[in-house]
A.B. asks: 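Below: one structure in C-alpha coordinates.
Throughout, numbering of the chain's residues begins at 1 and tracks the sequence.
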Amino acid sequence: MALAAHLSGIAAVVSDGVGSSQRPDEASRAAADTGLAELVARLDAGEDAEDATRHAALRAAAAVAGLATSPSDAPSCTYVSAVTRGPAVTVGWIGDSRAYWLAADGSAGPGEDSAPGPAPDEVDGAEVSTGDMAELGASRRSPRTTRGPRSWSPRGR
(Lines give C-alpha, C1' and ligand atoms only; values in the text may rest on other atoms or scores of the structure.)
Protein backbone atom coordinates (compact mmCIF):
# COMPACT_ATOMS: atom_id res chain seq x y z
CA MET A 1 0.00 0.00 0.00
CA ALA A 2 1.13 3.54 -0.73
CA LEU A 3 -0.60 6.73 0.39
CA ALA A 4 0.20 10.41 -0.20
CA ALA A 5 -1.34 13.84 -0.28
CA HIS A 6 -1.49 15.74 -3.56
CA LEU A 7 -2.30 19.44 -3.99
CA SER A 8 -6.07 18.96 -3.83
CA GLY A 9 -6.63 15.71 -1.97
CA ILE A 10 -5.33 12.25 -1.19
CA ALA A 11 -4.10 9.44 -3.47
CA ALA A 12 -3.78 5.81 -2.45
CA VAL A 13 -2.69 2.63 -4.22
CA VAL A 14 -3.13 -0.90 -2.93
CA SER A 15 -1.54 -3.81 -4.74
CA ASP A 16 -1.71 -7.51 -3.93
CA GLY A 17 0.84 -9.92 -5.35
CA VAL A 18 -0.45 -12.92 -7.28
CA GLY A 19 0.77 -15.86 -5.21
CA SER A 20 1.24 -18.20 -8.16
CA SER A 21 3.65 -15.78 -9.86
CA GLN A 22 7.32 -15.23 -9.15
CA ARG A 23 8.21 -12.61 -6.50
CA PRO A 24 4.67 -11.30 -5.91
CA ASP A 25 5.89 -9.14 -3.01
CA GLU A 26 8.28 -7.28 -5.31
CA ALA A 27 5.54 -6.87 -7.91
CA SER A 28 3.04 -5.41 -5.46
CA ARG A 29 5.59 -3.01 -3.96
CA ALA A 30 6.74 -1.83 -7.41
CA ALA A 31 3.14 -1.31 -8.56
CA ALA A 32 2.06 0.58 -5.44
CA ASP A 33 5.12 2.85 -5.27
CA THR A 34 5.27 3.56 -9.00
CA GLY A 35 1.52 4.04 -9.36
CA LEU A 36 1.34 6.45 -6.44
CA ALA A 37 4.31 8.52 -7.63
CA GLU A 38 2.75 8.82 -11.09
CA LEU A 39 -0.68 9.68 -9.69
CA VAL A 40 0.63 12.44 -7.44
CA ALA A 41 2.88 13.93 -10.14
CA ARG A 42 0.06 14.05 -12.69
CA LEU A 43 -2.55 15.33 -10.25
CA ASP A 44 -0.20 18.06 -8.99
CA ALA A 45 0.41 19.04 -12.63
CA GLY A 46 -3.36 19.58 -13.00
CA GLU A 47 -4.23 16.45 -14.96
CA ASP A 48 -7.78 15.10 -14.80
CA ALA A 49 -8.11 12.40 -12.10
CA GLU A 50 -9.36 9.76 -14.56
CA ASP A 51 -6.50 10.37 -16.99
CA ALA A 52 -3.99 10.38 -14.13
CA THR A 53 -5.47 7.09 -12.90
CA ARG A 54 -5.08 5.48 -16.34
CA HIS A 55 -1.51 6.69 -16.80
CA ALA A 56 -0.52 5.65 -13.28
CA ALA A 57 -1.86 2.11 -13.85
CA LEU A 58 0.08 1.83 -17.11
CA ARG A 59 3.28 3.09 -15.46
CA ALA A 60 2.77 0.62 -12.58
CA ALA A 61 2.27 -2.21 -15.09
CA ALA A 62 5.51 -1.27 -16.84
CA ALA A 63 7.35 -1.29 -13.50
CA VAL A 64 6.05 -4.78 -12.72
CA ALA A 65 6.89 -6.04 -16.23
CA GLY A 66 10.39 -4.65 -15.80
CA LEU A 67 10.99 -7.03 -12.89
CA ALA A 68 10.76 -10.09 -15.16
CA THR A 69 14.06 -11.71 -16.07
CA SER A 70 12.34 -14.11 -18.48
CA PRO A 71 8.78 -15.08 -19.48
CA SER A 72 8.83 -17.83 -16.86
CA ASP A 73 9.99 -15.36 -14.19
CA ALA A 74 7.27 -12.74 -14.62
CA PRO A 75 5.91 -11.40 -11.34
CA SER A 76 2.29 -10.28 -11.18
CA CYS A 77 -0.12 -8.40 -8.94
CA THR A 78 -3.49 -6.71 -8.75
CA TYR A 79 -3.84 -2.92 -8.49
CA VAL A 80 -6.40 -0.56 -6.96
CA SER A 81 -6.10 3.21 -6.76
CA ALA A 82 -8.30 5.90 -5.25
CA VAL A 83 -7.97 9.65 -5.65
CA THR A 84 -9.89 12.35 -3.84
CA ARG A 85 -10.18 15.76 -5.43
CA GLY A 86 -12.67 18.06 -3.77
CA PRO A 87 -15.88 16.07 -3.21
CA ALA A 88 -15.07 13.58 -6.01
CA VAL A 89 -13.48 10.16 -5.62
CA THR A 90 -11.89 8.42 -8.62
CA VAL A 91 -11.22 4.70 -8.32
CA GLY A 92 -9.38 2.44 -10.76
CA TRP A 93 -8.57 -1.24 -10.51
CA ILE A 94 -6.95 -4.06 -12.40
CA GLY A 95 -7.41 -7.68 -11.44
CA ASP A 96 -9.70 -9.18 -8.85
CA SER A 97 -9.04 -6.67 -6.07
CA ARG A 98 -11.84 -4.16 -5.56
CA ALA A 99 -12.51 -0.86 -3.83
CA TYR A 100 -15.65 -0.34 -1.77
CA TRP A 101 -17.30 2.84 -0.54
CA LEU A 102 -17.93 2.79 3.22
CA ALA A 103 -20.52 5.22 4.48
CA ALA A 104 -20.16 6.91 7.87
CA ASP A 105 -22.46 4.26 9.34
CA GLY A 106 -20.11 1.50 8.14
CA SER A 107 -22.32 0.24 5.31
CA ALA A 108 -20.69 -0.61 1.98
CA GLY A 109 -21.32 1.38 -1.18
CA PRO A 110 -20.88 1.07 -4.95
CA GLY A 111 -20.64 -2.48 -6.14
CA GLU A 112 -23.26 -3.86 -3.79
CA ASP A 113 -26.85 -3.68 -5.05
CA SER A 114 -28.46 -2.99 -1.69
CA ALA A 115 -25.80 -0.61 -0.40
CA PRO A 116 -25.84 3.19 -0.56
CA GLY A 117 -23.78 4.79 -3.27
CA PRO A 118 -24.12 6.09 -6.78
CA ALA A 119 -26.51 4.66 -9.31
CA PRO A 120 -24.78 3.28 -12.41
CA ASP A 121 -25.81 6.35 -14.42
CA GLU A 122 -24.06 8.59 -11.85
CA VAL A 123 -20.67 6.95 -12.44
CA ASP A 124 -18.51 7.95 -15.39
CA GLY A 125 -16.50 4.98 -16.66
CA ALA A 126 -13.54 4.38 -18.90
CA GLU A 127 -12.12 1.15 -20.22
CA VAL A 128 -9.20 -0.68 -18.69
CA SER A 129 -8.10 -4.29 -18.68
CA THR A 130 -9.69 -6.59 -16.13
CA GLY A 131 -6.60 -8.80 -16.11
CA ASP A 132 -3.70 -8.64 -13.71
CA MET A 133 -0.78 -6.25 -14.12
CA ALA A 134 1.16 -8.69 -16.32
CA GLU A 135 -1.66 -8.56 -18.87
CA LEU A 136 -1.79 -4.77 -19.13
CA GLY A 137 1.23 -4.29 -21.36
CA ALA A 138 0.53 -2.85 -24.80
CA SER A 139 1.03 -6.15 -26.59
CA ARG A 140 -1.01 -8.17 -24.09
CA ARG A 141 -3.93 -5.85 -23.40
CA SER A 142 -7.02 -7.85 -22.59
CA PRO A 143 -9.84 -7.51 -25.13
CA ARG A 144 -12.33 -7.71 -22.24
CA THR A 145 -13.04 -4.26 -20.88
CA THR A 146 -15.45 -3.57 -18.08
CA ARG A 147 -14.22 -1.45 -15.22
CA GLY A 148 -11.75 1.38 -15.19
CA PRO A 149 -11.27 4.73 -13.57
CA ARG A 150 -14.55 5.77 -12.06
CA SER A 151 -15.45 9.12 -10.54
CA TRP A 152 -18.26 9.84 -8.18
CA SER A 153 -19.25 12.93 -6.25
CA PRO A 154 -21.87 12.57 -3.53
CA ARG A 155 -24.87 14.74 -4.35
CA GLY A 156 -26.75 16.04 -1.38
CA ARG A 157 -24.97 13.74 1.04
A.B. asks: Determine the minimum heavy-atom distance between Gly35 and Ala56, stating which atoms define it.
C.D. replies: O-CB, 3.4 Å
A.B. asks: Just by modelled atom types, is the Ala60 backbone N or O under 3.5 Å from a matching donor or acceptor in the Thr34 side chain?
C.D. replies: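 Checked: no pair found.
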A.B. asks: Measure the shortest side-chain to side-chain distance between Val83 and Val89 over non-hydrogen atoms and say whether it is less than 4.5 angstrom.
C.D. replies: no
A.B. asks: Going only through I, L, V, M, F, W and Y residues with side-chain contacts under 4.5 Å, is there a path from Ile10 to Val80?
C.D. replies: no
A.B. asks: Under a 4.5 Å side-chain heavy-atom rule over Ile, Leu, Val, Met, Phe, Trp and Tyr, are Val40 and Val14 clustered together?
C.D. replies: no
A.B. asks: Can you see whether Ser8 engages Arg85 through a side-chain donor-acceptor pair at a distance of less than 3.5 angstrom?
C.D. replies: yes
A.B. asks: For residues Ala4 and Leu36, report the shortest heavy-atom separation together with the two atoms involved.
C.D. replies: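 It is CB-CD2, 3.8 Å.
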A.B. asks: Could you check whether Asp25 pairs with Arg29 (Lys NZ or Arg NE/NH1/NH2 to Asp/Glu carboxylate O, under 4.0 Å)?
C.D. replies: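 Salt bridge: no.
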A.B. asks: For Ser20, enumerate each residue passing the side chain to side chain donor-acceptor pair (under 3.5 Å) test, keeping only those at least two apart in sequence or located in another chain.
C.D. replies: none
A.B. asks: Salt bridge (charged side-chain N to carboxylate O under 4.0 Å, His left out) with Asp73: which residues, sequence neighbours excluded?
C.D. replies: Arg23
A.B. asks: List the steps and the verdict of side-chain contact (heavy atoms from CB on, under 4.5 Å) for Thr53 and Ser81.
C.D. replies: CA-CA 7 Å; Thr53 296; Ser81 67; 3.6 Å; yes
A.B. asks: If you measure only the distance, is there a donor-acceptor pair under 3.5 Å linking the side chains of Ser97 and Thr78?
C.D. replies: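 Ser97 vs Thr78: donor-acceptor pair found between side chains.
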A.B. asks: Could you check if a side-chain atom of Leu7 sits within less than 4.5 angstrom of a side-chain atom of Leu43, using non-hydrogen atoms only?
C.D. replies: no
A.B. asks: Which pair of non-hydrogen atoms, one from His6 and one from Asp44, has the smallest distance, and what is that distance?
C.D. replies: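 Smallest interatomic distance, heavy atoms only, reads CB-OD1, 3.2 Å.
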A.B. asks: What are the two closest heavy atoms between Ala74 and Ser21, and how far apart are they?
C.D. replies: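 Here Ala74 and Ser21 meet closest at O-CB, 3.7 Å.
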A.B. asks: Under a 4.5 Å cut-off applied to non-hydrogen side-chain atoms, are Pro75 and Pro24 in contact?
C.D. replies: no
A.B. asks: Could you report the tightest heavy-atom contact between Asp33 and Ala2, atom names first, then the distance?
C.D. replies: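 Residues Asp33 and Ala2, closest heavy atoms: OD1-CB, 4.1 Å.
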A.B. asks: Work out which heavy atom in Ala12 is nearest to a heavy atom in Leu39; give both atom names and the distance.
C.D. replies: O-CD1, 4.5 Å
A.B. asks: Using the side chain to side chain donor-acceptor pair (under 3.5 Å) criterion, which residues pair with Glu47? Sequence neighbours excluded.
C.D. replies: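 Glu47 satisfies side chain to side chain donor-acceptor pair (under 3.5 Å) with Arg42, His55 only.
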